[in-house]
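In what follows, chains carry the letters A, B, and so on, assigned in the order in which the sequence lines appear, proteins first and then strands, with residues in each chain numbered from 1.
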Protein chains: 2
Amino acid sequence: MPRAGLDRGVVVAAAATLADEVGLPNVTMSVLADRLGVRTPSLYKHVDGQADLGRRIAVLALTELGGALRDALQGRAGKDALDAAARAIRSYAVAHPGRYAATVRIDADEPDEQLVAASARVLDSLSAVLVGYPVAPEDRIHALRMLRSLFHGFAVLEAAGGFQLDTDLDASFAWIVTAADHALRGR
Amino acid sequence: MPRAGLDRGVVVAAAATLADEVGLPNVTMSVLADRLGVRTPSLYKHVDGQADLGRRIAVLALTELGGALRDALQGRAGKDALDAAARAIRSYAVAHPGRYAATVRIDADEPDEQLVAASARVLDSLSAVLVGYPVAPEDRIHALRMLRSLFHGFAVLEAAGGFQLDTDLDASFAWIVTAADHALRGR
DNA sequence: CCGTAAAGCTAATAGCGTTAGCCAGCGTCG
DNA sequence: CGACGCTGGCTAACGCTATTAGCTTTACGG
(Lines give C-alpha, C1' and ligand atoms only; values in the text may rest on other atoms or scores of the structure.)
Protein backbone atom coordinates (compact mmCIF):
# COMPACT_ATOMS: atom_id res chain seq x y z
CA MET A 1 0.00 0.00 0.00
CA PRO A 2 1.55 3.28 -1.15
CA ARG A 3 1.94 6.02 1.41
CA ALA A 4 -0.67 8.73 1.31
CA GLY A 5 1.94 11.41 1.82
CA LEU A 6 0.12 13.08 4.66
CA ASP A 7 1.49 15.80 6.81
CA ARG A 8 0.25 17.83 9.74
CA GLY A 9 -0.35 20.80 7.47
CA VAL A 10 -2.25 18.75 4.91
CA VAL A 11 -4.46 17.19 7.58
CA VAL A 12 -5.30 20.53 9.18
CA ALA A 13 -5.97 22.15 5.83
CA ALA A 14 -8.27 19.31 4.80
CA ALA A 15 -10.09 19.54 8.12
CA ALA A 16 -10.53 23.27 7.65
CA THR A 17 -12.04 23.02 4.17
CA LEU A 18 -14.19 20.14 5.37
CA ALA A 19 -15.40 22.32 8.22
CA ASP A 20 -16.30 25.04 5.76
CA GLU A 21 -18.29 22.56 3.71
CA VAL A 22 -20.21 20.59 6.32
CA GLY A 23 -19.91 22.70 9.45
CA LEU A 24 -17.36 22.39 12.22
CA PRO A 25 -19.40 20.06 14.46
CA ASN A 26 -19.72 17.60 11.58
CA VAL A 27 -15.98 17.34 11.10
CA THR A 28 -15.60 13.86 12.47
CA MET A 29 -12.38 11.92 12.46
CA SER A 30 -13.96 9.25 10.27
CA VAL A 31 -15.11 11.53 7.47
CA LEU A 32 -11.85 13.47 7.61
CA ALA A 33 -9.95 10.21 7.25
CA ASP A 34 -12.20 9.19 4.35
CA ARG A 35 -11.59 12.50 2.69
CA LEU A 36 -7.86 11.93 2.95
CA GLY A 37 -8.08 8.35 1.71
CA VAL A 38 -6.82 6.91 4.95
CA ARG A 39 -8.13 4.97 7.96
CA THR A 40 -9.21 6.89 11.03
CA PRO A 41 -6.42 5.97 13.45
CA SER A 42 -3.78 7.10 10.99
CA LEU A 43 -4.77 10.69 11.65
CA TYR A 44 -3.34 10.40 15.14
CA LYS A 45 0.11 10.18 13.62
CA HIS A 46 -0.23 13.80 12.56
CA VAL A 47 -2.61 15.37 15.03
CA ASP A 48 -3.08 14.96 18.74
CA GLY A 49 -6.77 14.20 18.81
CA GLN A 50 -9.84 16.20 18.05
CA ALA A 51 -9.22 19.06 20.46
CA ASP A 52 -5.74 19.62 19.04
CA LEU A 53 -7.14 19.55 15.52
CA GLY A 54 -9.73 22.18 16.40
CA ARG A 55 -7.08 24.39 17.96
CA ARG A 56 -4.94 24.14 14.85
CA ILE A 57 -7.86 25.01 12.61
CA ALA A 58 -8.39 28.08 14.77
CA VAL A 59 -4.75 29.07 14.41
CA LEU A 60 -4.99 28.64 10.64
CA ALA A 61 -8.15 30.74 10.51
CA LEU A 62 -6.73 33.52 12.66
CA THR A 63 -3.57 33.58 10.56
CA GLU A 64 -5.55 33.83 7.33
CA LEU A 65 -7.87 36.43 8.80
CA GLY A 66 -4.92 38.44 10.03
CA GLY A 67 -3.44 38.39 6.55
CA ALA A 68 -6.71 39.43 4.97
CA LEU A 69 -6.99 42.31 7.42
CA ARG A 70 -3.46 43.43 6.79
CA ASP A 71 -4.07 43.40 3.05
CA ALA A 72 -7.38 45.21 3.36
CA LEU A 73 -5.90 47.97 5.46
CA GLN A 74 -3.00 48.79 3.16
CA GLY A 75 -2.93 52.52 2.66
CA ARG A 76 -6.28 53.22 4.23
CA ALA A 77 -7.23 55.34 7.20
CA GLY A 78 -10.30 56.56 9.05
CA LYS A 79 -13.68 55.43 7.87
CA ASP A 80 -12.07 53.89 4.82
CA ALA A 81 -9.98 51.63 7.02
CA LEU A 82 -12.89 50.83 9.31
CA ASP A 83 -14.99 49.86 6.35
CA ALA A 84 -12.28 47.73 4.83
CA ALA A 85 -11.64 45.93 8.09
CA ALA A 86 -15.32 45.29 8.66
CA ARG A 87 -15.77 43.90 5.16
CA ALA A 88 -12.68 41.75 5.47
CA ILE A 89 -13.90 40.14 8.66
CA ARG A 90 -17.41 39.61 7.41
CA SER A 91 -16.41 38.14 4.09
CA TYR A 92 -13.93 35.82 5.74
CA ALA A 93 -16.60 34.56 8.14
CA VAL A 94 -19.06 34.08 5.28
CA ALA A 95 -16.57 32.41 2.98
CA HIS A 96 -15.09 30.18 5.70
CA PRO A 97 -17.82 29.51 8.28
CA GLY A 98 -16.18 26.34 9.58
CA ARG A 99 -12.78 27.92 10.09
CA TYR A 100 -14.38 30.97 11.68
CA ALA A 101 -16.43 28.81 14.04
CA ALA A 102 -13.19 27.18 15.19
CA THR A 103 -11.96 30.53 16.47
CA VAL A 104 -14.95 30.85 18.79
CA ARG A 105 -14.46 27.79 20.94
CA ILE A 106 -11.04 28.67 22.31
CA ASP A 107 -11.73 28.63 26.06
CA ALA A 108 -8.80 30.34 27.73
CA ASP A 109 -7.31 27.11 29.08
CA GLU A 110 -3.73 26.54 27.97
CA PRO A 111 -3.00 29.78 26.13
CA ASP A 112 -1.05 28.01 23.35
CA GLU A 113 1.80 30.01 21.89
CA GLN A 114 0.78 29.98 18.22
CA LEU A 115 -2.83 30.77 18.95
CA VAL A 116 -2.14 33.86 21.02
CA ALA A 117 0.36 35.00 18.41
CA ALA A 118 -2.15 34.62 15.60
CA SER A 119 -4.92 36.38 17.47
CA ALA A 120 -2.51 39.11 18.53
CA ARG A 121 -1.84 39.86 14.89
CA VAL A 122 -5.54 40.11 14.19
CA LEU A 123 -5.95 42.43 17.12
CA ASP A 124 -3.03 44.55 15.99
CA SER A 125 -4.56 45.01 12.58
CA LEU A 126 -7.90 45.90 14.05
CA SER A 127 -6.18 48.25 16.45
CA ALA A 128 -4.53 49.99 13.53
CA VAL A 129 -7.96 51.08 12.38
CA LEU A 130 -8.23 53.24 15.46
CA VAL A 131 -5.23 55.43 14.74
CA GLY A 132 -7.32 57.59 12.43
CA TYR A 133 -9.81 58.31 15.19
CA PRO A 134 -9.70 60.69 18.13
CA VAL A 135 -9.78 58.11 20.91
CA ALA A 136 -7.77 58.76 24.05
CA PRO A 137 -4.97 56.23 24.60
CA GLU A 138 -6.63 54.84 27.71
CA ASP A 139 -9.84 54.32 25.75
CA ARG A 140 -8.30 52.39 22.89
CA ILE A 141 -8.76 49.07 24.63
CA HIS A 142 -12.44 49.87 25.06
CA ALA A 143 -12.85 50.93 21.45
CA LEU A 144 -11.04 47.84 20.28
CA ARG A 145 -13.33 45.64 22.32
CA MET A 146 -16.32 47.44 20.88
CA LEU A 147 -15.21 46.73 17.33
CA ARG A 148 -14.48 43.12 18.16
CA SER A 149 -17.85 42.63 19.82
CA LEU A 150 -19.70 44.34 17.01
CA PHE A 151 -18.09 42.54 14.10
CA HIS A 152 -17.85 39.21 15.85
CA GLY A 153 -21.45 39.39 16.98
CA PHE A 154 -22.62 40.22 13.48
CA ALA A 155 -20.62 37.35 12.03
CA VAL A 156 -21.96 34.86 14.56
CA LEU A 157 -25.54 35.97 14.09
CA GLU A 158 -25.26 35.92 10.32
CA ALA A 159 -23.67 32.48 10.34
CA ALA A 160 -26.40 31.12 12.62
CA GLY A 161 -29.11 32.58 10.43
CA GLY A 162 -30.10 34.75 13.35
CA PHE A 163 -31.35 37.61 11.21
CA GLN A 164 -34.81 37.12 9.74
CA LEU A 165 -34.53 38.87 6.43
CA ASP A 166 -31.41 37.96 4.58
CA THR A 167 -32.23 40.77 2.26
CA ASP A 168 -31.09 44.14 3.55
CA LEU A 169 -28.25 42.44 5.40
CA ASP A 170 -25.74 44.33 3.32
CA ALA A 171 -27.59 47.56 4.00
CA SER A 172 -27.65 46.81 7.72
CA PHE A 173 -23.97 46.08 7.72
CA ALA A 174 -23.12 49.31 5.95
CA TRP A 175 -25.37 51.24 8.34
CA ILE A 176 -23.72 49.61 11.34
CA VAL A 177 -20.23 50.42 10.11
CA THR A 178 -21.26 54.02 9.62
CA ALA A 179 -22.72 54.10 13.11
CA ALA A 180 -19.48 52.72 14.53
CA ASP A 181 -17.61 55.40 12.63
CA HIS A 182 -19.77 58.06 14.25
CA ALA A 183 -19.38 56.49 17.66
CA LEU A 184 -15.60 56.54 17.31
CA ARG A 185 -15.45 60.05 15.96
CA GLY A 186 -18.04 62.14 17.70
CA ARG A 187 -17.88 62.15 21.44
CA MET B 1 -39.29 1.09 42.09
CA PRO B 2 -41.05 4.35 42.83
CA ARG B 3 -41.64 6.74 39.98
CA ALA B 4 -39.25 9.62 39.73
CA GLY B 5 -42.07 12.00 38.93
CA LEU B 6 -40.37 13.44 35.90
CA ASP B 7 -41.91 15.76 33.44
CA ARG B 8 -40.79 17.49 30.28
CA GLY B 9 -40.42 20.77 32.17
CA VAL B 10 -38.40 19.18 34.94
CA VAL B 11 -36.07 17.47 32.49
CA VAL B 12 -35.46 20.64 30.49
CA ALA B 13 -34.92 22.71 33.63
CA ALA B 14 -32.43 20.18 34.98
CA ALA B 15 -30.62 20.12 31.67
CA ALA B 16 -30.44 23.91 31.68
CA THR B 17 -28.95 24.17 35.15
CA LEU B 18 -26.59 21.34 34.31
CA ALA B 19 -25.52 23.24 31.21
CA ASP B 20 -24.81 26.31 33.32
CA GLU B 21 -22.68 24.24 35.65
CA VAL B 22 -20.62 22.10 33.29
CA GLY B 23 -21.04 23.79 29.93
CA LEU B 24 -23.54 22.97 27.22
CA PRO B 25 -21.33 20.54 25.28
CA ASN B 26 -20.86 18.49 28.44
CA VAL B 27 -24.56 18.00 28.96
CA THR B 28 -24.70 14.35 28.02
CA MET B 29 -27.79 12.22 28.28
CA SER B 30 -26.02 9.95 30.78
CA VAL B 31 -25.08 12.63 33.28
CA LEU B 32 -28.44 14.29 32.91
CA ALA B 33 -30.12 10.98 33.66
CA ASP B 34 -27.82 10.47 36.65
CA ARG B 35 -28.69 13.92 37.90
CA LEU B 36 -32.36 13.06 37.72
CA GLY B 37 -31.92 9.67 39.38
CA VAL B 38 -33.04 7.76 36.33
CA ARG B 39 -31.59 5.56 33.59
CA THR B 40 -30.59 7.17 30.31
CA PRO B 41 -33.29 5.77 28.01
CA SER B 42 -36.03 6.99 30.33
CA LEU B 43 -35.29 10.54 29.25
CA TYR B 44 -36.67 9.74 25.82
CA LYS B 45 -40.12 9.46 27.36
CA HIS B 46 -40.03 13.21 27.97
CA VAL B 47 -37.75 14.62 25.33
CA ASP B 48 -37.22 13.79 21.68
CA GLY B 49 -33.49 13.31 21.72
CA GLN B 50 -30.59 15.60 22.22
CA ALA B 51 -31.40 18.09 19.48
CA ASP B 52 -34.90 18.57 20.83
CA LEU B 53 -33.50 19.03 24.32
CA GLY B 54 -31.11 21.71 23.14
CA ARG B 55 -33.87 23.52 21.32
CA ARG B 56 -36.03 23.49 24.43
CA ILE B 57 -33.18 24.85 26.54
CA ALA B 58 -32.87 27.66 24.02
CA VAL B 59 -36.58 28.42 24.28
CA LEU B 60 -36.33 28.46 28.07
CA ALA B 61 -33.33 30.79 27.93
CA LEU B 62 -34.94 33.18 25.47
CA THR B 63 -38.11 33.25 27.56
CA GLU B 64 -36.17 34.03 30.72
CA LEU B 65 -34.03 36.60 28.95
CA GLY B 66 -37.13 38.22 27.50
CA GLY B 67 -38.63 38.48 30.96
CA ALA B 68 -35.45 39.93 32.40
CA LEU B 69 -35.35 42.51 29.64
CA ARG B 70 -38.99 43.44 30.14
CA ASP B 71 -38.39 43.88 33.86
CA ALA B 72 -35.23 45.87 33.35
CA LEU B 73 -36.89 48.26 30.93
CA GLN B 74 -39.87 49.12 33.11
CA GLY B 75 -40.23 52.87 33.17
CA ARG B 76 -36.93 53.62 31.53
CA ALA B 77 -36.13 55.43 28.34
CA GLY B 78 -33.17 56.70 26.33
CA LYS B 79 -29.71 55.95 27.62
CA ASP B 80 -31.21 54.66 30.84
CA ALA B 81 -33.10 52.01 28.93
CA LEU B 82 -30.12 51.18 26.74
CA ASP B 83 -27.97 50.74 29.81
CA ALA B 84 -30.53 48.59 31.58
CA ALA B 85 -31.00 46.36 28.53
CA ALA B 86 -27.28 45.96 28.04
CA ARG B 87 -26.76 45.03 31.68
CA ALA B 88 -29.67 42.61 31.63
CA ILE B 89 -28.31 40.74 28.64
CA ARG B 90 -24.77 40.64 29.93
CA SER B 91 -25.67 39.48 33.40
CA TYR B 92 -27.96 36.80 32.04
CA ALA B 93 -25.20 35.49 29.81
CA VAL B 94 -22.74 35.54 32.69
CA ALA B 95 -25.11 33.95 35.19
CA HIS B 96 -26.38 31.31 32.76
CA PRO B 97 -23.63 30.53 30.27
CA GLY B 98 -25.01 27.12 29.37
CA ARG B 99 -28.52 28.39 28.68
CA TYR B 100 -27.12 31.32 26.73
CA ALA B 101 -24.91 29.05 24.64
CA ALA B 102 -28.00 27.07 23.71
CA THR B 103 -29.47 30.13 22.03
CA VAL B 104 -26.50 30.40 19.71
CA ARG B 105 -26.72 27.07 17.94
CA ILE B 106 -30.20 27.50 16.50
CA ASP B 107 -29.49 27.08 12.77
CA ALA B 108 -32.53 28.37 10.90
CA ASP B 109 -33.77 24.91 9.94
CA GLU B 110 -37.31 24.20 11.12
CA PRO B 111 -38.30 27.57 12.55
CA ASP B 112 -40.13 26.01 15.54
CA GLU B 113 -43.14 27.97 16.75
CA GLN B 114 -42.13 28.46 20.41
CA LEU B 115 -38.59 29.42 19.57
CA VAL B 116 -39.49 32.17 17.15
CA ALA B 117 -42.09 33.43 19.62
CA ALA B 118 -39.56 33.57 22.46
CA SER B 119 -36.93 35.31 20.37
CA ALA B 120 -39.53 37.70 19.00
CA ARG B 121 -40.28 38.82 22.53
CA VAL B 122 -36.60 39.43 23.19
CA LEU B 123 -36.35 41.42 19.99
CA ASP B 124 -39.45 43.42 20.88
CA SER B 125 -37.97 44.39 24.22
CA LEU B 126 -34.70 45.36 22.62
CA SER B 127 -36.58 47.27 19.98
CA ALA B 128 -38.39 49.19 22.69
CA VAL B 129 -35.05 50.69 23.68
CA LEU B 130 -34.93 52.48 20.36
CA VAL B 131 -38.10 54.51 20.84
CA GLY B 132 -36.19 57.06 22.87
CA TYR B 133 -33.75 57.64 20.03
CA PRO B 134 -34.03 59.64 16.84
CA VAL B 135 -33.76 56.78 14.38
CA ALA B 136 -35.79 56.91 11.20
CA PRO B 137 -38.38 54.11 10.95
CA GLU B 138 -36.60 52.51 8.02
CA ASP B 139 -33.37 52.48 10.02
CA ARG B 140 -34.79 50.78 13.10
CA ILE B 141 -34.04 47.33 11.75
CA HIS B 142 -30.43 48.35 11.23
CA ALA B 143 -30.14 49.87 14.68
CA LEU B 144 -31.70 46.78 16.22
CA ARG B 145 -29.24 44.56 14.44
CA MET B 146 -26.41 46.74 15.63
CA LEU B 147 -27.47 46.38 19.25
CA ARG B 148 -27.92 42.64 18.87
CA SER B 149 -24.52 42.23 17.25
CA LEU B 150 -22.82 44.39 19.83
CA PHE B 151 -24.30 42.81 22.95
CA HIS B 152 -24.26 39.30 21.61
CA GLY B 153 -20.70 39.62 20.45
CA PHE B 154 -19.60 40.94 23.81
CA ALA B 155 -21.39 38.12 25.60
CA VAL B 156 -19.85 35.46 23.38
CA LEU B 157 -16.36 36.89 23.69
CA GLU B 158 -16.66 37.26 27.45
CA ALA B 159 -17.97 33.72 27.83
CA ALA B 160 -15.15 32.33 25.71
CA GLY B 161 -12.56 34.24 27.72
CA GLY B 162 -11.72 36.13 24.55
CA PHE B 163 -10.70 39.31 26.33
CA GLN B 164 -7.23 39.28 27.83
CA LEU B 165 -7.66 41.37 30.92
CA ASP B 166 -10.71 40.43 32.89
CA THR B 167 -10.15 43.57 34.85
CA ASP B 168 -11.51 46.65 33.15
CA LEU B 169 -14.20 44.53 31.55
CA ASP B 170 -16.87 46.46 33.42
CA ALA B 171 -15.27 49.71 32.35
CA SER B 172 -15.12 48.54 28.75
CA PHE B 173 -18.73 47.52 28.84
CA ALA B 174 -19.84 50.87 30.21
CA TRP B 175 -17.74 52.67 27.61
CA ILE B 176 -19.24 50.57 24.82
CA VAL B 177 -22.79 51.27 25.97
CA THR B 178 -22.04 54.97 26.03
CA ALA B 179 -20.57 54.75 22.55
CA ALA B 180 -23.69 52.95 21.33
CA ASP B 181 -25.77 55.70 22.89
CA HIS B 182 -23.81 58.30 20.97
CA ALA B 183 -24.07 56.31 17.76
CA LEU B 184 -27.83 56.09 18.10
CA ARG B 185 -28.26 59.73 19.03
CA GLY B 186 -25.84 61.79 17.02
CA ARG B 187 -26.04 61.29 13.31
C1' DC C 1 -61.41 -2.83 41.88
C1' DC C 2 -59.77 -3.52 37.50
C1' DG C 3 -57.73 -1.94 33.10
C1' DT C 4 -55.06 1.06 30.59
C1' DA C 5 -51.75 4.70 29.46
C1' DA C 6 -47.59 6.24 30.73
C1' DA C 7 -43.06 5.99 33.03
C1' DG C 8 -39.64 3.49 34.34
C1' DC C 9 -36.47 -0.52 33.26
C1' DT C 10 -32.99 -3.90 30.59
C1' DA C 11 -30.90 -5.23 26.39
C1' DA C 12 -29.12 -4.20 22.12
C1' DT C 13 -27.28 -1.50 18.02
C1' DA C 14 -24.54 1.77 15.62
C1' DG C 15 -21.18 5.29 15.62
C1' DC C 16 -17.81 8.07 17.80
C1' DG C 17 -12.82 9.02 19.56
C1' DT C 18 -8.85 6.95 21.07
C1' DT C 19 -4.97 3.54 22.22
C1' DA C 20 -2.05 -0.52 21.40
C1' DG C 21 0.59 -3.02 18.64
C1' DC C 22 1.90 -4.79 14.06
C1' DC C 23 3.94 -4.22 9.31
C1' DA C 24 5.70 -2.10 5.23
C1' DG C 25 7.82 1.61 2.68
C1' DC C 26 11.59 4.87 2.40
C1' DG C 27 15.64 7.32 3.44
C1' DT C 28 20.26 6.94 5.48
C1' DC C 29 24.52 5.40 6.42
C1' DG C 30 27.96 1.95 6.58
C1' DC D 1 24.70 -1.89 -2.73
C1' DG D 2 22.49 -3.63 1.30
C1' DA D 3 20.85 -3.51 6.04
C1' DC D 4 18.92 -0.76 9.55
C1' DG D 5 15.56 2.20 11.64
C1' DC D 6 12.13 5.71 11.48
C1' DT D 7 7.80 6.82 10.30
C1' DG D 8 3.23 6.44 8.38
C1' DG D 9 0.04 3.41 7.36
C1' DC D 10 -2.85 -0.68 9.02
C1' DT D 11 -6.12 -3.92 12.11
C1' DA D 12 -8.08 -4.91 16.50
C1' DA D 13 -9.99 -3.49 20.53
C1' DC D 14 -12.05 -0.51 24.34
C1' DG D 15 -15.11 2.66 26.32
C1' DC D 16 -18.20 6.10 25.63
C1' DT D 17 -22.10 8.21 23.34
C1' DA D 18 -27.06 8.45 21.57
C1' DT D 19 -30.90 5.99 20.35
C1' DT D 20 -34.52 2.16 19.62
C1' DA D 21 -37.22 -1.99 20.94
C1' DG D 22 -39.72 -4.26 23.98
C1' DC D 23 -40.91 -5.54 28.78
C1' DT D 24 -42.84 -4.40 33.48
C1' DT D 25 -44.85 -1.92 36.77
C1' DT D 26 -46.88 2.08 38.62
C1' DA D 27 -50.77 5.13 39.29
C1' DC D 28 -54.96 6.95 37.97
C1' DG D 29 -59.90 6.89 35.98
C1' DG D 30 -64.07 4.61 35.23
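At whole-Å resolution of the value, OH in Tyr44(B) and C1' in dA11(C) are 15 Å apart. For the pair Arg39(A) CZ and dG17(C) C1', the interatomic distance rounds to 16 Å; values are reported in whole Å. Regarding Leu53(B), its CG atom lies at a distance of 10 Å from the P atom of dA18(D), rounded to whole Å. For the pair Leu43(A) CG and dC10(D) C1', the computed distance is 13 Å after rounding to whole Å. dG17(C) atom P lies 14 Å from atom CG of Asp52(A), rounded to whole Å. Atom pair Asp34(B):CG and dC16(D):C1' shows a separation of 13 Å (rounding to whole Å applied).
Nearest-nucleotide mapping onto DNA chain D: of Lys45(B) and Gly49(B), the residue sitting toward the 5' end is Gly49(B).
Sorted by first and then second residue, the pairs that involve residues 21-31 of chain A and meet salt bridge (charged side-chain N to carboxylate O under 4.0 Å, His left out), not counting sequence neighbours, are Glu21(A)-Arg35(A). Within the structure, every pair that satisfies the ring-ring contact (aromatic ring centres under 6.0 Å, His included) test and touches residues 46-93 of chain A, not counting sequence neighbours, is listed here: Tyr92(A)-His96(A). Counting only residues at least two apart or on different chains, the salt bridge (charged side-chain N to carboxylate O under 4.0 Å, His left out) pairs with a member in residues 169-182 of chain B are Arg90(B)-Asp170(B), Asp181(B)-Arg185(B). For residues 44-58 of chain B, the set of pairs meeting the salt bridge (charged side-chain N to carboxylate O under 4.0 Å, His left out) definition, not counting sequence neighbours, comprises Asp52(B)-Arg55(B), Asp52(B)-Arg56(B), Arg55(B)-Asp112(B).
Within the 4.0 Å cut-off from OP1 or OP2 of dA7(C), not a single side-chain nitrogen or oxygen of Ser42(B) is found.
Counting side-chain heavy-atom gaps under 4.5 Å among Ile, Leu, Val, Met, Phe, Trp and Tyr, the cluster of Val38(B) also holds Leu6(B), Val10(B), Val11(B), Val12(B), Leu18(B), Val22(B), Leu24(B), Val27(B), Met29(B), Val31(B), Leu32(B), Leu36(B), Leu43(B), Tyr44(B), Val47(B), Leu53(B), Ile57(B), Leu60(B). Hydrophobic cluster membership of Val116(A), counting Ile, Leu, Val, Met, Phe, Trp and Tyr whose side-chain heavy atoms lie under 4.5 Å apart directly or via other members: none, as it forms a cluster of its own. By the 4.5 Å side-chain criterion applied to Ile, Leu, Val, Met, Phe, Trp and Tyr, Val131(A) is assigned to no cluster and stands alone.
Asp20(A) contributes a side-chain N or O that, together with a main-chain N or O of Arg99(A), makes up a donor-acceptor pair within less than 3.5 Å.
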Side-chain donor/acceptor pairs under 3.5 Å, residues 79-87 of chain A, sequence neighbours excluded:
| residue | atom | partner | partner atom | Å |
| --- | --- | --- | --- | --- |
| Lys79(A) | NZ | Thr178(A) | OG1 | 3.2 |
| Asp83(A) | OD2 | Arg87(A) | NE | 2.7 |

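Closest to the side chain of His46(A), out of dA7(C), dT18(C), dG9(D), is dG9(D). In this structure, the nucleotide among dG17(C), dC9(C), dT19(D) sitting nearest to the side chain of Gln50(B) is dT19(D).
Across residues 22-32 of chain A, Thr28(A), Met29(A), Ser30(A) each have a non-hydrogen atom less than 4.0 Å from an atom of DNA chain C (numbered order). Only Leu6(B), listed by number, bring a heavy atom of residues 6-18 of chain B to less than 4.0 angstrom from any atom of DNA chain C.
Applying the side-chain hydrogen bond (donor to acceptor under 3.5 Å, both in side chains) criterion to Arg105(A), with sequence neighbours excluded, gives no partner residue.
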Could you list all N or O pairs between the protein and nucleotides 12-14 of chain D that sit under 3.5 Å apart?
none

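Within a 6.0 Å radius of CD in Glu138(B), other residues, nucleotides and ligands contribute more than 12 heavy atoms.
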